[in-house]
Amino acid sequence: KLLLYQLRDEAPLMGDETRFHLATIAYQQGLHREAAKHLEGVEQNKDRGDASAREVVLHQKIQWWNKPRLGLKYRYFSDSDDRSNTYWSARFDYPLPSPVDVWVEPGIVEFNQDGEDSLEGKEVTVGFDWRGSERFLMSAAGRLRMMDDSDNSANGWLSMRYGTKNQYL
């Protein structure tokens with residue numbers, strides 16, 4: 001990246017190429033806001049017909065990550081002890097102007113074990129992801145599970161990831 005920044009500064013005629021490669025690197029690192037900044041002129045270039053197809057495709061991918069989005073999730077698990085669980089949910093992600101994404105995920109969960117009554121309930125999880133830099137990501141979430149015929153439960157978790165040049169801790 002440092003070489004691309006240097007090339008951009010020292011050879012202005014290479015600006016479009018270096019901008020595209022810097023945006024691609026940022027996108028691949030999950031830095032979607034930074035990637036969007038590198039491609040700020042793509043909309044105007046697209047309107048004039050000057051944007052390349054690869055710039056347009058990358059710009060569309062980056063825009064998708066930087067806008068609110070809704071997704072559906074289904075998960076099924078079973079093991080050799082005849083236990084299983086099924087989970088359905090909808091997740092709404094909302095990227096804030098800062099490098100923080102907040103999200104909410106309401107869902108339905110069912111636990112089964114042979115010879116036992118099934119246990120069903122609803123749950124809602126709320127969380128955020130903060131990317132402090134290309135190497136640091138912090139995520140936190142809290143979940144409230146409301147079971148139909150059992151006690152309710154609440155959980156929370158926090159995770160942090162830091163990456164060196166070639167590895168993540």
Side-chain angles (χ1 to χ4, degrees), residues 1 21-40 42-43 53-169:
K1 271 173 80 168
H21 291 294
L22 286 167
T24 300
I25 291 168
Y27 174 76
Q28 291 172 348
Q29 292 175 332
L31 301 169
H32 305 115
R33 289 170 186 82
E34 180 183 322
K37 288 177 186 173
H38 288 299
L39 291 182
E40 283 178 341
V42 169
E43 282 297 323
R54 66 183 186 164
E55 275 187 321
V56 172
V57 169
L58 180 61
H59 188 254
Q60 289 169 344
K61 289 178 181 180
I62 293 168
Q63 280 185 320
W64 186 85
W65 281 103
N66 287 328
K67 290 184 179 178
R69 57 195 178 279
L70 177 67
L72 302 176
K73 186 187 293 186
Y74 171 77
R75 185 174 58 223
Y76 177 79
F77 168 82
S78 68
D79 64 16
S80 59
D81 292 328
D82 296 320
R83 295 178 294 203
S84 67
N85 65 56
T86 307
Y87 177 71
W88 295 86
S89 70
R91 178 171 160 152
F92 178 69
D93 287 85
Y94 190 84
L96 299 174
S98 61
V100 175
D101 291 347
V102 293
W103 52 272
V104 62
E105 184 175 343
I108 299 170
V109 64
E110 179 182 1
F111 298 98
N112 294 297
Q113 184 170 351
D114 275 359
E116 303 288 333
D117 292 336
S118 68
L119 188 59
E120 300 173 0
K122 297 170 185 63
E123 68 179 45
V124 63
T125 307
V126 177
F128 74 88
D129 300 317
W130 175 63
R131 188 169 291 278
S133 71
E134 65 188 57
R135 296 184 178 187
F136 183 74
L137 171 67
M138 182 172 70
S139 299
R143 176 179 65 201
L144 176 61
R145 187 174 279 165
M146 300 148 292
M147 304 308 287
D148 294 340
D149 297 322
S150 183
D151 293 335
N152 297 336
S153 65
N155 317 67
W157 55 94
L158 172 70
S159 68
M160 290 180 266
R161 184 174 99 170
Y162 177 78
T164 61
K165 197 170 196 175
N166 296 314
Q167 296 192 3
Y168 283 97
L169 306 174

Where is the tightest heavy-atom contact between Trp65 and Arg69, given as atom of each residue plus distance?
O-NH1, 3.0 Å

Reported CZ-to-CG distance for the pair Arg143 and Asn155, which is rounded to 0.5 angstrom:
4.0 Å

Here the pair of heavy atoms bringing Ala23 nearest to Ala35 is O-CB, 3.5 Å

Name all residues meeting the ring-ring contact (aromatic ring centres under 6.0 Å, His included) criterion together with Trp88; count only those two or more places apart in sequence or in a different chain, and write none if there are none.
Tyr74

Check whether more than 12 heavy atoms from other residues, nucleotides or ligands sit under 6.0 Å from atom CG of Asp148, and answer yes or no.
yes

Taking the side chain as C-beta and beyond, is there a heavy-atom pair between Thr24 and His38 under 4.5 Å?
no

Rounded to the nearest 0.5 Å, what separation is found between the CZ atom of Arg131 and the CG atom of Asp101?
9.5 Å

Kindly say whether Arg83 contributes a backbone atom to a donor-acceptor pair with the side chain of Asp81 at under 3.5 angstrom?
no

Rounded to the nearest 0.5 Å, what separation is found between the OG1 atom of Thr86 and the CD1 atom of Ile108?
11.0 Å

Apply side chain to side chain contact (heavy atoms under 4.5 Å, CB included) to the pair Gln113 and Phe111, showing each step before the final yes or no.
CA-CA 7 Å; Gln113 184 170 351; Phe111 298 98; over 6 Å; no

I'd like to know if the side chain of Asn66 reaches the main chain of His32, judged simply by a donor and an acceptor atom lying under 3.5 Å from each other, with no hydrogens or angles considered.
yes

Main-chain N/O of Leu96 paired to Arg33 side chain as donor or acceptor, under 3.5 Å:
yes

To check you understand the geometry: which heavy-atom pair defines the closest contact between Ser118 and Asn112, and what is its length?
CB-OD1, 2.8 Å

Are Phe77 and Tyr87 packed together at the side-chain level, in the sense that at least one heavy-atom pair is separated by less than 4.5 angstrom?
no

Got a second to check how far Leu58's CG is from Gln63's CD, nearest 0.5 Å?
10.5 Å

When rounded to the nearest 0.5 Å, the distance separating CG of Leu39 from CD1 of Ile62 is 4.5 Å

CA sep, side-chain torsions, deciding dist, call: Met147, Val109, side chain to side chain contact (heavy atoms under 4.5 Å, CB included):
CA-CA 9 Å; Met147 304 308 287; Val109 64; 4.2 Å; yes

Kindly write out the residues that satisfy side-chain contact (heavy atoms from CB on, under 4.5 Å) with Met146, not counting sequence neighbours, or none if the list is empty.
Lys122, Leu144, Asn152

Would you compute the distance between atom CD of Glu110 and atom CG of Asn85 and round it to the nearest 0.5 angstrom?
9.5 Å

Taking C-beta and beyond as the side chain, do Trp103 and Thr125 meet within less than 4.5 Å on heavy atoms?
yes

Can you tell if the side chain of Pro68 reaches within under 4.5 Å of the side chain of Phe92, non-hydrogen atoms only?
yes

For Phe128, does the CZ atom have more than 12 heavy-atom neighbours from other residues, nucleotides or ligands under 6.0 Å away?
yes

